[in-house]
**Student:** 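Sending over a structure as structure tokens; questions will come in a sec.
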Number of protein chains: 2
Amino acid sequence: MAITMKDVAEKAGVSIKTVSRVVNNQGEISAETRQRIEAIIAELGYRPNLVARSLITQRTLTIGLIVVDITNPFFAEVARGVQDVARQNGYNVLLCNIDDNLHEQQKALESLAAHSVDGIILFPLEYYDDRLLSFVNQYRPVVLINHLLQHPNVAVVLLDGAHGVQQAVNHLLERGHQEIAMLAGPKPITGRGQRLQGYQTALQGQGLADSANRVIFSIPTQAQGYEQSKQLLSQHPHITAIIAYNDLLAFGVIQACRELNIVIPDQCAIVGFDDIYFSNLVHPALSTVRVNKYEVGQQAMTRLLTMINDPKLTISPIKLGVELIVRESS
Amino acid sequence: MAITMKDVAEKAGVSIKTVSRVVNNQGEISAETRQRIEAIIAELGYRPNLVARSLITQRTLTIGLIVVDITNPFFAEVARGVQDVARQNGYNVLLCNIDDNLHEQQKALESLAAHSVDGIILFPLEYYDDRLLSFVNQYRPVVLINHLLQHPNVAVVLLDGAHGVQQAVNHLLERGHQEIAMLAGPKPITGRGQRLQGYQTALQGQGLADSANRVIFSIPTQAQGYEQSKQLLSQHPHITAIIAYNDLLAFGVIQACRELNIVIPDQCAIVGFDDIYFSNLVHPALSTVRVNKYEVGQQAMTRLLTMINDPKLTISPIKLGVELIVRESS
DNA sequence: TTGAAAGCGCTAACAG
DNA sequence: CTGTTAGCGCTTTCAA
């Protein structure tokens, strides 16, 4: 059994409340008593039990962060941004991976709420889910990244995916590409998703009809990028450029091109999305749309703290800019 | 205010304990009552308050994981292994980054203990720290990764760093390299560290004296790998091979070679350590010592669970094997 | 400047 | 099969 406040109080010959006062730095105590108790605390190695405290204060000093997969450097950087500002503010973070699984997303939300985290940051799967809405109706606060939801209990941090992909497509068009395919990532149950929208808008702007067969949905992993693009490039050799939903997919495209002896960027240009750390190290170095991942995390956590500290505040969405980075693959 | 057990009990016209029984699936209850209460729980959206439960059961169903930096794919994969096993067993994980900061390591340990996590997995910095020992004297259980500490409160998961680097050096020797430098990572305050030891052992085995100036200590990041190897290769042009403490450092070496127009592997061979996901994607593809990172995480969490469930158990260290992967850089 | 008592939401032991 | 009582370790009134 760990040392409790009672142990300290008994040893010091004072009441429990007096110990509580020194632990919490509430003045109203004589310097002499304070020092004596501090000495005993150090001697006994007493550590306040935060779960007992939480039960009263209704605060755990813990927040939850839900991402698809921490192994994807994109999420790792976002997580780092979240954690750094959390730590600076005395918060710890519970991290959950949900992969491509809506059910796990829901379970993670419930589990975090049951643990009484003071708030949740969710990078949701792109599938539509009304359970998210009903969750948010009875839990607060949550910050959603890359997903717009107007609700008093939620704040939103957006990435300008549409604009990013538009830039990428325009860049490819300028280089003379006409047949530009897109590996569009997970297929939303409803709507199109920002990035796909950017792709289609840009093509339409040039009077180029977007034919559906040039858009392929898949889980955004390197393995899928490899599989899908290999098939795509074999079946449609006239394709000269591929835009990927994220860099991992793009890495898969590079791999496929290498195997098919397709020269990058001459025979096939590639543009990714995210600009993860390693995009600059692969060969050829990947052109991509840069997202300031660390800042996304910081912004999300900052907003969450604001909502925690002022329960009735409504926070308007913020949209973070993105930037096309042209390297060797396009 | 959230819905409590009392609310449910009142609405159902039963005692609090009865509600507790259905929540915890303790039999001894009539099917009729159970269903009625379950309906009310669903209707009210009641969620058990785990912090209240923890106060009694002395279990939070939460563990702490402390790593240097989740942004390093090595740690991300380990973390994934930990988290998957944790989740399968109903546990959540609090993740802390400590960078290269012993003070943060200590703070993280204290903070996790204060939050009453059921156990801690620590990937410690390689510096010697007697505070770790005194922490472990009064907290249990902890699992240490890549650090041997004999203590009843700790279990240990080791990587065979010495053997891995030995393999790497021998491989380079077989290819005719005589001047092999090592970017040895963080300098331990005491001892040499496993990987450096492997380096020196292998060289001595060949009668090659290890001259100290071929060993360079630094934080194991790409930036440091770049800086240190650039200087090293400029000052000692006779060096024909470099072993790096981890893949990130090795990426920096690749970068430096590219800038100095040194051809890899002809003029300078490079071997890394970890085999992070991207080592196979950089150019030239990196030869490295593979660690099964996911398994490291799984093993660590499994051991932690064992210790949590049987408080008096002592667990003997496990050493996981490593494997030299020869690619293009050597 | 200090203490006593109540209670956060739940479980555990024991009755009924 | 169900209820009552006590109390986990702490903070928060309110008194002294």
Side-chain angles (χ1 to χ4, degrees), chain A residues 1-38 40-41 44-62 90 110-111 113-118 138-139, chain B residues 1-38 40-41 44-62 90 110-111 113-118 138-139:
Chain A
M1 209 64 254
I3 289 100
T4 81
M5 230 172 213
K6 197 173 155 209
D7 299 328
V8 177
E10 275 171 8
K11 179 137 186 171
V14 297
S15 81
I16 238 176
K17 175 60 197 170
T18 306
V19 179
S20 171
R21 283 208 178 83
V22 356
V23 168
N24 294 292
N25 265 318
Q26 296 164 325
E28 317 291 310
I29 213 171
S30 76
E32 188 271 331
T33 316
R34 145 160 285 128
Q35 280 175 12
R36 194 161 51 87
I37 291 176
E38 273 169 353
I40 293 174
I41 284 176
L44 261 41
Y46 166 73
R47 217 172 356 230
N49 182 327
L50 294 190
V51 357
R53 178 183 294 173
S54 299
L55 193 52
I56 300 178
T57 60
Q58 305 288 1
R59 286 220 179 172
T60 55
L61 295 180
T62 294
E110 296 290 349
S111 171
H115 276 281
S116 301
V117 293
D118 295 344
Q138 39 107 27
Y139 179 89
Chain B
M1 206 66 257
I3 290 103
T4 79
M5 229 171 214
K6 198 172 156 210
D7 300 329
V8 178
E10 275 171 7
K11 179 138 189 173
V14 297
S15 80
I16 236 176
K17 177 59 197 168
T18 306
V19 179
S20 171
R21 283 208 178 82
V22 356
V23 168
N24 295 290
N25 265 317
Q26 295 162 329
E28 317 290 309
I29 215 172
S30 76
E32 188 271 329
T33 316
R34 143 160 287 127
Q35 280 175 12
R36 193 161 50 88
I37 292 176
E38 273 168 353
I40 293 175
I41 284 176
L44 261 41
Y46 166 74
R47 218 174 354 230
N49 182 327
L50 294 191
V51 358
R53 179 184 292 174
S54 298
L55 195 54
I56 300 178
T57 60
Q58 305 287 2
R59 287 222 180 170
T60 53
L61 295 180
T62 293
E110 296 291 349
S111 171
H115 276 282
S116 302
V117 294
D118 295 343
Q138 40 105 34
Y139 180 89

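Proteins come first, then strands; the chains are lettered A, B, ... in the order of their sequence lines, and each starts at number 1.
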**Student:** Is there a side-chain contact between A:T33 and the phosphate of C:dT2, meaning an N or O under 4.0 Å from OP1 or OP2?
**Tutor:**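 Yes, because at least one side-chain N or O of A:T33 sits under 4.0 Å from OP1 or OP2 of C:dT2.
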**Student:** Would you check if the side chain of B:R53 reaches a backbone N or O of B:P48 as a donor-acceptor pair within less than 3.5 Å?
**Tutor:**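 Such a contact is absent between B:R53 side chain and B:P48 backbone.
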**Student:** Just to confirm, is there a sub-4.0 Å distance from OP1 or OP2 of D:dT12 to any side-chain nitrogen or oxygen of A:S20?
**Tutor:**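 So the side-chain polar atoms of A:S20 never come under 4.0 Å of the phosphate oxygens OP1 or OP2 of D:dT12.
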**Student:** Under the side chain to side chain contact (heavy atoms under 4.5 Å, CB included) rule, what do B:R34 and B:N25 come out as? Steps first, then yes or no, please.
**Tutor:** CA-CA 9 Å; B:R34 143 160 287 127; B:N25 265 317; 3.7 Å; yes
**Student:** To the nearest angstrom, how far is A:K17 atom NZ from D:dC10 atom P?
**Tutor:**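 Answer to the nearest Å: 12 Å.
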**Student:** Would you mind reading off the distance between A:E10 atom CD and D:dC10 atom P, rounded to a whole angstrom?
**Tutor:**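 Interatomic distance, CD of A:E10 to P of D:dC10: 13 Å.
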**Student:** Whole Å only: how far is the CE atom of A:M5 from the C1' atom of D:dT12?
**Tutor:**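 Distance check: A:M5 CE to D:dT12 C1' gives 12 Å.
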**Student:** Rounded to whole Å, please give me the gap between CG in B:L55 and P in D:dG9.
**Tutor:**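 Nearest whole value for this atom pair: 7 Å.
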**Student:** Distance check needed: D:dT2 C1' versus B:E32 CD, whole Å only.
**Tutor:**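 Spelled out: CD on B:E32 to C1' on D:dT2 is 13 Å.
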**Student:** I'd like to know if A:R21 reaches the base of C:dT2 with its side chain, counting only an N/O donor and acceptor under 3.5 Å.
**Tutor:**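 Check passes, donor-acceptor contact within cut-off.
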**Student:** Tell me what A:V14 touches on the nucleic acid: a base, only sugar-phosphate, or nothing, going by heavy atoms under 4.0 Å.
**Tutor:**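 Sugar-phosphate contact only.
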**Student:** How long is the line joining NE2 of A:H115 and P of C:dG9, in whole Å?
**Tutor:**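 Those two atoms, NE2 and P, are 18 Å apart.
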**Student:** Between A:I37 and A:V8, which heavy-atom pair has the shortest distance, and what is it?
**Tutor:**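 Scanning both residues, the minimum pair turns out to be CG2-CG1, 4.2 Å.
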**Student:** Could you state the CD1-C1' distance from B:I37 to D:dG3, rounded to the nearest angstrom?
**Tutor:**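 In whole Å, D:dG3 C1' lies 12 Å from B:I37 CD1.
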**Student:** Hey, which sits more toward the 5' end of DNA chain D by its nearest nucleotide, B:A31 or A:N49?
**Tutor:**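 Result of the comparison: B:A31.
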**Student:** Just to confirm, is there a sub-4.0 Å distance from OP1 or OP2 of C:dG9 to any side-chain nitrogen or oxygen of A:Q58?
**Tutor:**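 Yes.
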**Student:** Ignoring the backbone of A:T57, work out which of D:dT11, D:dG9, C:dA12 is nearest its side chain.
**Tutor:**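 Of all the options, the side chain of A:T57 is nearest to D:dT11.
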**Student:** Can you tell me if the side-chain N/O atoms of A:Y46 get under 4.0 Å from OP1 or OP2 in D:dC10?
**Tutor:**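 Answer yes for this pair, as a side-chain N or O of A:Y46 is under 4.0 Å from OP1 or OP2.
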**Student:** Apply side chain to side chain contact (heavy atoms under 4.5 Å, CB included) to A:S20 and A:M5, showing your working.
**Tutor:** CA-CA 7 Å; A:S20 171; A:M5 230 172 213; 3.7 Å; yes
**Student:** Scan A:S54 against the nucleic acid and name what it touches under 4.0 Å (heavy atoms): base, sugar-phosphate only, or nothing.
**Tutor:**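 Nothing, no heavy atom under 4.0 Å.
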**Student:** Quick one: does B:T60's side chain have a donor or acceptor within less than 3.5 Å of a partner on B:S116's backbone?
**Tutor:**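 Side chain of B:T60 to backbone of B:S116: a pair is present.
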**Student:** Please state how far atom CG in A:N24 lies from atom P in D:dT11, giving the value in whole angstrom units.
**Tutor:**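 Value for this atom pair: 4 Å.
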**Student:** So, is A:S15 near the phosphate of C:dT2, with a side-chain N or O under 4.0 Å from OP1 or OP2?
**Tutor:**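 Negative; the distance criterion is not met.
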**Student:** Is the side chain of A:D7 donor-acceptor paired with the backbone N or O of A:I3 at a distance under 3.5 Å, no angle test?
**Tutor:**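 No; zero donor-acceptor contacts below 3.5 Å.
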**Student:** Mapping B:A52 and B:T18 to their closest nucleotides on DNA chain D, which lands nearer the 5' end?
**Tutor:**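 Comparing both residues, the 5'-ward one is B:T18.
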**Student:** Once you apply a heavy-atom cut-off of 4.0 Å, does B:L50 come out as touching a base, just sugar-phosphate, or nothing?
**Tutor:**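 Nothing, no nucleic acid heavy atom in range.
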**Student:** Out of D:dG3, D:dC10, C:dC10, which has the shortest distance to the side chain of A:I16?
**Tutor:**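 The listed nucleotide nearest to A:I16's side chain is D:dC10.
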**Student:** Given C:dA13, C:dG9, D:dT12, which nucleotide is nearest the side-chain atoms of A:I56?
**Tutor:**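 Of the candidates, D:dT12 comes closest.
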